[in-house]
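The figures here come from the full heavy-atom set of this structure, side chains too, leaving out hydrogens, waters and symmetry mates. To find a chain, count down the sequence lines: A is the first, B the second, and so on, and within it residues start at 1. These figures come from a predicted structure and were not determined experimentally.
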Number of protein chains: 2
Amino acid sequence: MDNKLKPTESELKILKILWEKGESTVREVHNTISQHKTSGYTTTLKLMQIMLEKGLVGRNKKTKSHVYFPILKEKETQKYLINKLVNSAFSGSTSKLVLQALGNTKTSAKEIEEIREFLDSLENTNDY
Amino acid sequence: MDNKLKPTESELKILKILWEKGESTVREVHNTISQHKTSGYTTTLKLMQIMLEKGLVGRNKKTKSHVYFPILKEKETQKYLINKLVNSAFSGSTSKLVLQALGNTKTSAKEIEEIREFLDSLENTNDY
DNA sequence: AATACCATACGAAACCATTCGTAACATAAA
DNA sequence: TTTATGTTACGAATGGTTTCGTATGGTATT
């Protein structure tokens with residue numbers, strides 16, 4: 001992934017909203033953010049303008065206002081972030097991360113089953 | 001985990017060295033860092049002094065120089081970082097993170113087996 | 001003791017992300 | 001058209017991390 005596309009924490013919050021809700025105005029994004037955090041409207045606006053400059057999002061002019069949409073893709077970003085974490089704190093070992101993550105929180109039987117199935121599918125594709 | 005104990009990226013690099021190599025002088029830490037990055041000795045020194053103030057590391061006076069050791073524990077930090085990532089990019093779902101992580105990189109048969117065993121042990125302890 | 005060498009302390013610059021105030025502009029209501 | 005409301009652009013302040021230069025102090029070598 002392009003280093004230019006590395007989002008900051010605030011940018012990630014905004015991207016998350018755009019991924020979940022689809023294209024949105026600054027007002028809509030700000031309303032969502034306001035539920036968890038108190039900061040001004042122009043702060044959100046400025047952040048989204050910066051994200052536009054960086055190419056993290058795009059926008060279209062609608063009659064009343066601009067409508068923003070994510071350019072950076074969710075899966076790519078997740079992959080980038082996992083990679084960063086694995087390298088910075090788990091000596092590059094993904095399985096160490098996985099074991100630690102599973103140990104941290106209660107994992108439901110259904111989730112465990114899902115993971116088992118995924119492990120099965122992994123074994124079938126990379127047999128070595 | 002105490003918010004005071006949240007390391008920055010540079011601090012994490014230093015902690016990683018202290019975890020791996022055990023207690024070390026600034027010189028030793030700096031030599032290790034220099035292999036991957038070019039920055040001055042006093043930069044490393046300053047960072048470690050700040051980490052001392054924050055309580056991330058401790059130090060003992062040896063004849064020639066100070067010897068630093070980690071106070072922040074590796075597992076705790078990993079747990080904190082995973083939690084942060086799960087919340088900021090995986091809607092709080094650990095299993096989503098795990099699935100994505102496993103999909104990102106080739107996982108060896110041995111690692112898969114380890115994870116399976118861990119899943120087994122989880123099922124035995126939290127049966128619900 | 002004088003010199004050279006290394007470590008420490010610390011202020012300050014540079015950098016970056018976040019925050020907001022204010023001005024300019026557009027749209028809708030009176 | 002005037003007023004009110006909402007949107008955008010943008011400069012600048014704030015706060016935190018990283019970087020380094022320089023002064024100071026200690027240890028060891030001559």
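Residues L119(A) and L119(B) form a side-chain contact, since some pair of their non-hydrogen atoms from C-beta on lies under 4.5 Å apart. Side-chain contact check for E28(B) versus I17(B): every heavy-atom pair is 4.5 Å or farther apart. Under the 4.5 Å side-chain criterion, counting only non-hydrogen atoms from C-beta, S65(A) is not in contact with V26(A).
As a whole-Å value, the separation of Y41(B) OH from dC5(C) P is 17 Å. When rounded to the nearest whole Å, the span between NZ of K13(B) and C1' of dT17(D) equals 12 Å. For the pair I14(A) CD1 and dT18(C) C1', the interatomic distance rounds to 11 Å; values are reported in whole Å. Atom-to-atom, CE of M51(B) to C1' of dT18(D) comes out at 13 Å; the value is rounded to the nearest Å. We find that NE2 of H30(A) is positioned 13 Å from C1' of dG6(D), with the value rounded to whole Å. Regarding I33(B), its CD1 atom lies at a distance of 9 Å from the P atom of dT19(D), rounded to whole Å. For the pair L45(A) CG and dA17(C) C1', the interatomic distance rounds to 16 Å; values are reported in whole Å. Here dT17(D) presents its C1' atom at 13 Å from CD of E53(B), a figure rounded to the nearest Å.
In this structure, T8(B) reaches the dT18(D) phosphate: one of its side-chain N or O atoms is under 4.0 Å from OP1 or OP2. A sub-4.0 Å separation between OP1 or OP2 of dC6(C) and a side-chain N or O of R27(B) is absent. Look at K37(A) and you'll find a side-chain N or O under 4.0 angstrom from OP1 or OP2 of dT19(C). Look at T43(B) and you'll find a side-chain N or O under 4.0 angstrom from OP1 or OP2 of dC20(D). Between dT7(D) and R59(A), no contact under 4.0 Å exists linking OP1 or OP2 to a side-chain N or O. Within the structure, a side-chain polar atom (N or O) of H66(B) is placed less than 4.0 Å from OP1 or OP2 of dT8(C). The side chain of K61(B) contributes no N or O atom lying less than 4.0 Å from OP1 or OP2 of dT27(D). For the pair K64(A) and dC25(C), the criterion of a side-chain N or O lying under 4.0 Å from OP1 or OP2 is not met.
Counting non-hydrogen atoms under 4.0 angstrom, T63(B) reaches the backbone sugars and phosphates but no base.
Using a distance-only test at 3.5 Å, with no hydrogens or angles considered, a donor-acceptor pair links the side chain of S24(B) to the main chain of G22(B). Between the side chain of S121(B) and the main chain of F118(B), a donor-acceptor pair closer than 3.5 Å is present.
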Begin with the C-alpha distance, continue with both residues' side-chain angles, and end with the deciding distance and a verdict on side-chain contact (heavy atoms from CB on, under 4.5 Å) for I82(B) and F90(A). CA-CA 11 Å; I82(B) 288 176; F90(A) 292 89; 3.7 Å; yes

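The residue among T42(A) and S10(A) whose nearest nucleotide of DNA chain C lies closer to the 5′ end is S10(A).
Under the 3.5 Å distance criterion, with hydrogens and angles disregarded, a donor-acceptor pair is assigned to the side chains of T94(A) and T105(B).
Linking Ile, Leu, Val, Met, Phe, Trp and Tyr whenever their side-chain heavy atoms come within less than 4.5 Å puts L45(A) and M48(A) in one cluster.
Remark: DNA chain D forms stems of 3 or more consecutive Watson-Crick or G-U wobble pairs, all pair distances under 3.5 Å, at C:1-30 with D:1-30.
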